[in-house]
Amino acid sequence: MNQLKIQITGLSKRFGSVRVVPVLSTVDLVVRTGRVIAIVGPNGAGKTTLIKSILGLTRPETGRILIDGNDVVGQDAYRSRIGYMPQIARFQENLTGAELIEMLKDLRGGTAELDVQLLESFGLGPALGQPLRVLSGGTRQKVNAAMAFLFSPDILVLDEPTAGLDPLASSILKDKILADRGAGRTVVVTSHIMNELEELADDVAFLLDGRIAFVGTLDEVKRITAQATLERAVATMMSRGWVRAA
Amino acid sequence: MNTIFKVLKYQARDAVRSRWLIGYAIFFGLVAEGLLRFSGDPAKTQLSLVSVVLFVVPLVAIVFGTVYLYNAREFVELILAQPVRRRQTYTGLYLGLALPMVLAYTLGIGFPFLLRGIDAAAWDTLVALLAAGTVLTGTFCAIATLIAVRCEDRLRGLGTAIAVWLMLTVVYDGFVLFLLAVMSDYPLERATLVMMMANPIDIARVALLLRFDGAAMMGYTGAVFLKFFAGAWGTAITATALTVWILAPVVLGMRAFQRKDF
C-alpha cells in the first residue's frame, strides 16, 4: 500500500458566532501518496471547507492535519508543495494571466521546476497577455487550472476543476490529472459530476453533514451499494443517509 | 518583508489600472483646474480645495476601498494558498490599495498647480494639502480594509463604510457644535481640542486651515488652536493622533485577517 500523504484526524470546524453551525465534525481522513481521492457529498456537506482546511485558508477548531507526518495547521511553508485550483477564478480583472503567473512565481520563490504542459495544451499563449476582464469564463478557468499545475507540486487540490470548461479542455485537464497521478503526485478533487470522478478517482470519501459517512476505493463504494456507477452509488448513499464508516 | 512588497506590487498594478481610480485622479484635476481658472489665485484655490478634499477623500477611500477588497476576495484566497504569511499578505494588500489612491490624489491635485508654477507660499500649502489627503487616505483605506475583513456580507460592509464616513463627516461635527452651544458658558478650548483629536477629518481640517491665514477669522478659539498647533507639543500630539488613526484600524484589521476563514 502507498505511503500516507495527508492524514487528517479529528478535524472540526464551526462557522458563525451567534448561531453556531457545525460544518465539519471530527473528520478523519487518510490520503495516500500517488492516488486521486474524490470528496463527494451534497451541497453544504463541507467539501470546500475540508479542502480549504488542508490549505490553511480555513482554520480548524480542533484536529490535526499531517502532511508527510508534519502537522501543518498554522504553518505556511508547506503550501509551496500544494497546487490549488479554486472553484471560482475571478481574480483581479486588470491583471493579465501572465502577470498572475509571474506573481505566483514571485510568491513561491521560483525554485520549483515549471510545468508548462497545460499552458501549451490549452493554447493559452496569446490570451495570457490580455487583462483577465476581457477573457471568457472558460479561458479564465483554463488559466486557473494551468496555475495549479505550474509548479509541479506533490499535492494537487482541485475544487470543481472542470466547471466551466468545454469538453476538449476538460479532457485535457483530466488527462493531465491522471498523468500527474502516474508520476506519483497526490490529488484531492471535488466535483458534482460523478461520471468525471469515476474516470479519475482511486478513492472516494463521502461527506454528509460535515462527517465522513464513507471512505473507500471506487470499487468498494460500488460494491457496498450494489450499484454499477459512482453516480448511482452516491445517490444510494445520499438517499439512505449513510452513516456507516467503512 | 518580501511578501509585503510582492503582494503590494501586483495589487497596486491592478488598482492603478482601475477606471474608478483614474476617474478619481481626473476628478481632482478638473476641480483644481476649474477653481484655478475661476479665481486665478493659487492660494484661494487651495483654500477652496480644502473643503472638497476633506469631504471627498475619506468618502472615496472608504467606499472604493471596501468595494475593491470585496471584489479581491478570490485573489486574496489565491495568494493565501501560496506559501505566504497572512500578516505580510495583509500589509501588502493594504498598501497596494492605499498607495495607488494617494498617487491618484497627488497627481490630480498637483498637476494643475505644477503646470502653472506657483510661489513658495503656495508650495507650502500645496504640500500641506497633499499631506492631509495622504493621511486621510491612509486612515480611511485602513478602515475599509478592516470592514472588508470583518464583515462577510458585502452589502452590510458597504453600509458600514458609508455609516462610518457619515459619522465622522457630518454627525460628529453636529454633536460637537451642539455640545459647544449647550456649554457656551464654560471655557471649552481644551475640551474642543480633545474632541477634535478623536476625529481624523477634524484634525486635518484645523491643521490645514491654520496654514491658510484663516486662523485670524476664528477669533479667540482660533488663537488657542494656533498656539497649540504651532507649538512642539501640539505638533507631536497631532502627529501621534493621526498615526493612531492609521495604525489602530490596520492592527485591528490584521488581527481579524489572521483569524479569518476564507
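Contact count versus chain B (heavy atoms, under 4.5 Å) is highest, among A/L100, A/L55, A/L95, for A/L95. Ranked by heavy-atom pairs under 4.5 Å with chain A, the first of B/Q258, B/E152, B/R86 is B/R86.
Relative ring orientation between B/F262 and B/F257 is described as perpendicular, the plane-to-plane angle rising above 60° on a 0-90° scale split at 30° and 60°.
At a heavy-atom cut-off of under 4.5 Å, chain A is reached by B/K9, B/Y10, B/Q11, B/R13, B/D14, B/R17, B/S18, B/R19 from residues 8-28 of chain B, listed in order of number. Residue-level contacts of residues 130-149 of chain B with chain A do not occur; threshold 4.5 Å between heavy atoms. Among residues 71-78 of chain B, the residues having any heavy atom closer than 4.5 Å to a heavy atom of chain A are, in sequence order, B/N71, B/A72, B/E74, B/F75, B/E77, B/L78.
How far OG of A/S170 is from CD1 of A/I193: 7.0 Å, rounded to the nearest 0.5 Å. Note: B/T3 OG1 to B/R85 CZ = 8.5 Å, rounded to the nearest 0.5 Å. Taking NZ of A/K142 as the reference point, atom CZ of A/F122 lies at 7.0 Å (rounded to 0.5 Å).
The contact between A/R133 and chain B is made entirely by side chain atoms (from C-beta outward), counting heavy-atom distances below 4.5 Å. Looking at A/M147, only its side chain comes within 4.5 Å of chain B, counting heavy atoms on both sides. Neither the backbone nor the side chain of A/Q87 comes within contact range of chain B; no heavy atoms are under 4.5 Å apart.
Here ring-ring contact (aromatic ring centres under 6.0 Å, His included) pairs that include residues 72-104 of chain A, with residues two or more places apart or in two chains, number zero.
Within a 6.0 Å radius of CZ in B/F55, other residues, nucleotides and ligands contribute 12 heavy atoms or fewer. By the neighbour-count criterion of 12 heavy atoms within 6.0 Å, atom CZ of A/R140 is densely surrounded, having more than that number from other residues, nucleotides or ligands.
In this structure, B/K6 contributes its side chain and B/T89 its backbone to no donor-acceptor pair below 3.5 Å. Proximity of a side-chain donor or acceptor of A/R79 to a complementary backbone N or O of B/L80 within less than 3.5 Å is detected. Formation of a donor-acceptor pair under 3.5 Å by the A/T58 side chain with backbone atoms of A/S53 is not found in this model.
One finds a salt bridge joining B/R116 and B/E33 here, because a Lys/Arg side-chain nitrogen approaches an Asp/Glu carboxylate oxygen to under 4.0 Å. Note on A/D154 versus A/R185: no salt bridge recorded, every NZ/NE/NH1/NH2 to OD/OE distance being 4.0 Å or above. A salt bridge links A/R35 and A/D203; the closest N-O separation between the charged side-chain nitrogens and carboxylate oxygens is under 4.0 Å.
For the pair B/T45 and B/A32, the tightest heavy-atom approach, listed with the atom from each and the gap, is CG2-O, 3.8 Å.
Each of A/L66, A/I37, A/T186, A/V187 was checked for a side chain to side chain contact (heavy atoms under 4.5 Å, CB included) with A/K5, and the lone residue meeting it is A/T186.
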